[in-house]
Amino acid sequence: MPKGQIRLTETQARILAILIILLSVGFVSFTLATFFVLKTRSQIQVEIIELPPPKIEVPTSTSTTNQSTEYVTPALYRIEEFDYRKLVTQATEVVERGAALSVYILQSDDALKLIRGSNLPFLICQSSKDAYTVAIVGEYSFQGLTPMRTLYGVLVLSVVNKEAALERTLALRSAGYPAYLMHFVRDGRDWYSLVVGAFSEVNGAEDFNAKLNWTEVMRIAGTQRPGYVGRVTP
């Protein structure tokens, strides 16, 4: 055998022949597949279409009748309970003798409505178990009622020193008494009468006077004898 020549056995030659055939078949198959793909791609048309943005529709409620809904912001109200002792301390401190007053006898709720609704100086006094006398300083109409104009009270003492009289008035209010000052002029001088109670009739003031704890009232007011019923206005 010449030098460099490879001699195959019959078995090796058969295996080599089979490999060559398989490679040839694979190459031919790959070539055909490539040709088929290229042919198919040449028949495909690519078209780019620009789509508009989607439109979102919000459903609206419809009704058979034309109705308009009106939204109203609820008003805020301050809730206040009737407090007689508190109102006594908030009442006006000085009333002019003979001044125009609008006097009403009301239950507690209406009395509070009158006081807050008028926003005017006032006096208040419990006239019975369920009723209160409210005197508004000035002309004021309430719920179509006709106001009374006369006011009576129990006069405890009269002095010319306003500061001293006012100090005793506030002391009586702190003790729960509906006290106030009535200002008047006599002989060219200013006088201040310390008054307890406010009533539209003299009989109511007389009953109130009879039930007063004069021992306590005289001690707080700094006087030596009980007072008497008098007219504040007119």
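Since the structure is predicted, the reported quantities are computational estimates derived from the model, not experimental observations.
Looking only at distances, no side-chain donor or acceptor of Y180 sits under 3.5 Å from a matching main-chain atom of V95. A donor-acceptor pair under 3.5 Å links the side-chain atoms of R85 to the main chain of S174, judged by distance alone. Using modelled atom types, one side-chain atom of R173 and one backbone atom of A179 make a donor-acceptor pair closer than 3.5 Å.
The closest side-chain heavy-atom distance from F184 to S193 is below 4.5 Å. Using a 4.5 Å cut-off on side-chain heavy atoms (C-beta onward), L166 and Y192 make no contact. Proximity of R231 to T150: side-chain heavy atoms (C-beta onward) are separated by under 4.5 Å at one or more points. The shortest side-chain heavy-atom distance between L155 and M182 falls under the 4.5 Å cut-off.
Of the candidates Y228, W214, Y152, N209 forms a side chain to side chain donor-acceptor pair (under 3.5 Å) with just one, namely W214. Remark: of the listed residues D110, T133, L114, L114 is the sole one forming a side-chain contact (heavy atoms from CB on, under 4.5 Å) with Y104.
Contact record, T92 with P121: CB-CB, 3.9 Å, taken as the closest heavy-atom pair. Counting all heavy atoms, side chain and backbone alike, F82 lies closest to A111 at CE1-CB, 4.2 Å.
Classification of the F208-F199 ring pair by plane angle, with boundaries at 30° and 60°, yields tilted.
Residue E81 places its CD atom among 12 or fewer non-hydrogen atoms of other residues, nucleotides or ligands, all under 6.0 Å distant. Annotation: E201, atom CD; neighbour count of heavy atoms from other residues, nucleotides and ligands within 6.0 Å does not exceed 12. Crowding of E167 atom CD: a count of heavy atoms from other residues, nucleotides or ligands under 6.0 Å not exceeding 12. In the displayed structure, Q107 atom CD is contacted under 6.0 Å by at most 12 heavy atoms of other residues, nucleotides or ligands.
V134 and V103 fall into different hydrophobic clusters, defined by Ile, Leu, Val, Met, Phe, Trp and Tyr side-chain heavy atoms under 4.5 Å apart, directly or through other members. Hydrophobic cluster membership is shared by L212 and L194, with clusters built from Ile, Leu, Val, Met, Phe, Trp and Tyr side chains linked at under 4.5 angstrom. Under the 4.5 Å side-chain heavy-atom criterion for grouping Ile, Leu, Val, Met, Phe, Trp and Tyr, V196 is connected to V229 within one hydrophobic cluster. Hydrophobic clustering (side-chain heavy atoms under 4.5 Å, transitive across Ile, Leu, Val, Met, Phe, Trp, Tyr) keeps Y84 apart from V154. In terms of hydrophobic clustering, with Ile, Leu, Val, Met, Phe, Trp and Tyr side chains grouped at heavy-atom distances under 4.5 Å, V156 and V160 are assigned to different clusters.
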| task | Apply side chain to side chain contact (heavy atoms under 4.5 Å, CB included) to L87 and R116, showing your working. | result | CA-CA 11 Å; L87 293 174; R116 298 304 183 221; 3.7 Å; yes
- Show the numbers, then the answer: is there a side chain to side chain contact (heavy atoms under 4.5 Å, CB included) between L123 and L151? CA-CA 10 Å; L123 297 172; L151 192 69; 3.9 Å; yes
For this session: Evaluate side chain to side chain contact (heavy atoms under 4.5 Å, CB included) for E96 paired with V137, printing each intermediate quantity in order.
Result: CA-CA 9 Å; E96 296 294 328; V137 179; over 6 Å; no
Could you go through F142 and S118, starting from their C-alpha distance and side-chain angles, then the distance that decides it, and tell me whether this counts as side chain to side chain contact (heavy atoms under 4.5 Å, CB included)? CA-CA 9 Å; F142 178 69; S118 67; over 6 Å; no
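Put simply, OG1 on T233 and CG on L101 are 4.5 Å apart, with the number rounded to the nearest 0.5 Å. Interatomic distance, NZ of K162 versus CG of L181, reported as 8.0 Å (0.5 Å rounding). For the atom pair S108 OG and I124 CD1, the distance stands at 9.0 Å (nearest 0.5 Å). L157 contributes atom CG, which lies 11.5 Å from atom CE of M218 (distance to the nearest 0.5 angstrom). We find the SG-OH distance between C125 and Y132 to be 10.0 Å, quoted to the nearest 0.5 Å. The distance from atom CD1 of I105 to atom OG of S127, rounded to the nearest 0.5 Å, is 5.0 Å.
Using modelled atom types, one finds a donor on one side chain and an acceptor on the other under 3.5 Å when comparing S102 with R149.
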